Amino acid sequence: MIEITKLNGKKFHLNALYIEKVEAFPDTTITLTNNQKYIVVESEDQVKEKIIDFYQSIHLMGQPRWKDEKNE
């Protein structure tokens, strides 16, 4: 789950697995797979970072590898 903020300042948690798209026109709008929409204070980039952090925390997305690290 990621913590985000509605335009009224209220924070809530959203399951990032259900996010279909994130757009800004100009407010950041998150659309879920069930077509429900949330308008949030965070920028597109901030939401993207939260999603990536969440995916990495549940091992859905691997950590970036260093160049000199070898596959074992």
Side-chain angles (χ1 to χ4, degrees):
M1 304 273 276
I2 61 171
E3 183 179 78
I4 50 180
T5 312
K6 292 183 181 181
L7 292 180
N8 65 5
K10 185 174 180 176
K11 293 188 180 289
F12 69 103
H13 289 86
L14 182 66
N15 189 338
L17 295 174
Y18 294 117
I19 295 175
E20 183 175 334
K21 61 184 170 181
V22 179
E23 303 172 286
F25 29 66
D27 295 325
T28 305
T29 304
I30 299 171
T31 305
L32 304 183
T33 55
N34 65 1
N35 220 23
Q36 187 170 0
K37 296 181 187 298
Y38 292 96
I39 300 173
V40 300
V41 171
E42 289 83 357
S43 69
E44 276 184 276
D45 288 337
Q46 289 172 316
V47 174
K48 178 182 170 184
E49 284 298 316
K50 288 175 183 261
I51 293 169
I52 290 170
D53 289 345
F54 171 72
Y55 284 173
Q56 288 176 340
S57 76
I58 63 169
H59 305 289
L60 193 61
M61 177 184 274
Q63 297 288 338
R65 294 190 159 278
W66 294 99
K67 285 183 183 179
D68 50 320
E69 193 175 316
K70 295 179 183 174
N71 289 335
E72 295 181 23

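No experiment lies behind these values; they were computed from the predicted model shown.
Smallest separation of non-hydrogen atoms from E3 and K50: O-NZ, 2.9 Å.
The distance from atom CD1 of I30 to atom NZ of K37, rounded to the nearest 0.5 Å, is 11.5 Å. Between the OG1 atom in T28 and the CG atom in D45 there is a gap of 9.0 Å [rounded to 0.5 Å]. Going from atom OH of Y38 over to atom OG1 of T31 covers 11.0 Å, rounded to the nearest 0.5 Å. The CD atom of E44 lies 11.5 Å from the CG atom of D27; values are rounded to the nearest 0.5 Å.
There is a path of hydrophobic side-chain contacts, each under 4.5 Å, that joins I52 to L60. Linking Ile, Leu, Val, Met, Phe, Trp and Tyr residues whenever their side-chain heavy atoms come within less than 4.5 Å leaves L7 and V40 in two separate clusters. M1 and V47 are members of different hydrophobic clusters when ILVMFWY side chains are connected at heavy-atom separations under 4.5 Å. Under the 4.5 Å side-chain contact rule for hydrophobic residues, V22 and F25 do not share a cluster.
With E20 contributing its side chain and N35 its backbone, the two residues share no donor-acceptor pair below 3.5 Å.
A heavy-atom distance below 4.5 Å is found between the side chains of L17 and F54.
Within 6.0 Å of OH in Y18 there are 12 or fewer heavy atoms belonging to other residues, nucleotides or ligands.
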Handout entry: Stepwise side chain to side chain contact (heavy atoms under 4.5 Å, CB included) check, E42 with I4
Key = CA-CA 7 Å; E42 289 83 357; I4 50 180; 3.8 Å; yes

Problem - Stepwise side chain to side chain contact (heavy atoms under 4.5 Å, CB included) test for L32 and L14 - result: CA-CA 10 Å; L32 304 183; L14 182 66; 4.0 Å; yes

